Q: 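For reference, the structure I am asking about is given below.
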Amino acid sequence: MSLTIRRMTKKDLGPQAKLLSDERVMRYLEPPFSSEQSRVFLDEAGLPEPPLAYAVEDGSGFVGFVIYHDYDESPVEIGCVLAPRAWGQGYATEFTRVLLGWAQAAGKDVRLPLKTTLA
């Protein structure tokens with residue numbers, strides 16, 4: 001498994017907009033985003049310094065993004081949003097391990113942005 005976490009660029013808008021407009025991806029997060037909402041997300045979460053979210057790539061390109069940013073004084077918020085083609089491949093587990101390592105190295109607690117739905 002070859003995975004890369006990197007800073008977002010303006011070139012990520014197209015694949016990110018496709019991801020955030022996918023009803024399957026957004027099912028447990030919030031309503032699917034419009035093109036304008038995706039642009040605002042990139043501008044406000046992916047491009048600032050420091051970013052709130054980072055692009056994720058596998059060997060075939062953009063597959064989503066991870067969330068890693070200060071939440072309050074101590075904890076950081078972590079999470080990931082992945083394209084359906086990346087589901088079931090262990091990516092979320094790997095990203096969680098990496099992001100927990102970042103938090104531990106920074107001496108931070110972790111907050112997970114989970115919405116739990118019991119079936």
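Values below: every heavy atom of this structure, side chains too, minus hydrogens, waters and symmetry copies. Treat the numbers as computed from the prediction; the structure is a model and nothing was measured.
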Q: Between atom CD of Gln37 and atom CG of Leu20, what is the distance when rounded to the nearest 0.5 Å?
A: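 Between atom CD of Gln37 and atom CG of Leu20 there are 9.0 Å.
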Q: Of the non-hydrogen atoms in Met26 and Pro32, which two are nearest, and what is the gap between them?
A: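 That closest heavy-atom pairing would be CG-CA, 3.9 Å.
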Q: Would you say the side chain of Pro51 lies within less than 4.5 Å of the side chain of Arg7, judging by non-hydrogen atoms?
A: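 Answer yes - side chains close enough.
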Q: Tell me if a side-chain donor or acceptor on Glu44 pairs with a main-chain N or O of Phe41 at a distance below 3.5 Å.
A: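 Flag not set: sc Glu44 to bb Phe41 has no pair under 3.5 Å.
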Q: How about Met8 and Phe65: do any of their side-chain heavy atoms sit closer than 4.5 Å?
A: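 Yes, close enough: below the 4.5 Å cut-off.
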Q: Among Val63, Asp22, Leu19, whose side chain to side chain contact (heavy atoms under 4.5 Å, CB included) with Val81 holds?
A: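 So, applying the side chain to side chain contact (heavy atoms under 4.5 Å, CB included) to Val81 and each of Val63, Asp22, Leu19, only Leu19 qualifies.
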Q: Once rounded to the nearest 0.5 Å, what's the spacing between atom CG of Leu47 and atom OG1 of Thr9?
A: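 So the CG of Leu47 and the OG1 of Thr9 are separated by 7.5 Å.
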Q: How far apart are the C-alpha atoms of Phe95 and Val56, what are their side-chain angles, what is the distance that settles it, and do they pass the side-chain contact (heavy atoms from CB on, under 4.5 Å) test?
A: CA-CA 9 Å; Phe95 293 134; Val56 171; 2.9 Å; yes
Q: State the OH-OG1 distance between Tyr54 and Thr4, to the nearest 0.5 angstrom.
A: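 Between Tyr54 OH and Thr4 OG1, I get 14.5 Å after rounding to 0.5 Å.
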Q: Is Arg6 atom CZ crowded by more than 12 heavy atoms from other residues, nucleotides or ligands, each under 6.0 Å away?
A: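 Yes - once you tally the heavy atoms of other residues, nucleotides and ligands closer than 6.0 Å, there are more than 12.
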Q: Please determine whether side-chain contact (heavy atoms from CB on, under 4.5 Å) holds for the pair Lys108 and Trp102, giving the CA-CA distance in whole Å, both sets of side-chain angles, and the decisive distance to 0.1 Å.
A: CA-CA 9 Å; Lys108 300 279 190 167; Trp102 289 4; over 6 Å; no
Q: Given Val66, which of Leu99, Thr96, Ile78 fulfils the side chain to side chain contact (heavy atoms under 4.5 Å, CB included) condition?
A: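 Only match with Val66 under side chain to side chain contact (heavy atoms under 4.5 Å, CB included): Leu99.
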Q: Between Gln16 (side chain) and Ser38 (backbone), is there a donor-acceptor pair under 3.5 Å?
A: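 Confirmed, Gln16 side chain pairs with Ser38 backbone.
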Q: Ignoring hydrogens, what is the shortest heavy-atom contact between Asp12 and Ala55? Give both atom names and the distance.
A: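 Residues Asp12 and Ala55, closest heavy atoms: OD2-CB, 4.0 Å.
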Q: Could you go through the side-chain contact (heavy atoms from CB on, under 4.5 Å) check for Glu94 and Leu3 one step at a time?
A: CA-CA 9 Å; Glu94 183 63 17; Leu3 302 171; 4.0 Å; yes
Q: Testing the 3.5 Å rule here: is there a donor-acceptor pair between the side chains of Arg85 and Ser60?
A: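 Looking only at side-chain atoms, Ser60 and Arg85 do form a donor-acceptor pair, the distance falling under 3.5 Å.
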Q: Let me check something: do Val40 and Ile67 share a hydrophobic cluster, defined by ILVMFWY side-chain heavy atoms less than 4.5 Å apart, either directly or through other members?
A: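 Result: no, two separate clusters.
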Q: What's the shortest heavy-atom distance between Ala106 and Tyr68, and which atoms?
A: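 So the minimum-distance heavy-atom pair works out to CB-OH, 4.3 Å.
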Q: If I take atom OG from residue Ser21 and atom CZ from residue Phe33, how far apart are they, to the nearest 0.5 angstrom?
A: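 So the OG of Ser21 and the CZ of Phe33 are separated by 10.5 Å.
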Q: If two hydrophobic side chains count as joined below 4.5 Å and joins carry through other members, does Leu52 share a cluster with Val76?
A: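 Not linked; separate clusters.
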Q: Are side-chain heavy atoms of Gln89 and Leu82 found at a separation under 4.5 Å?
A: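 No; the side chains remain at least 4.5 Å from each other.
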Q: Would you say that Arg39 contacts Lys10 through its side chain, given a criterion of any heavy-atom pair below 4.5 Å between the two side chains?
A: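 No, their side chains stay 4.5 Å or more apart.
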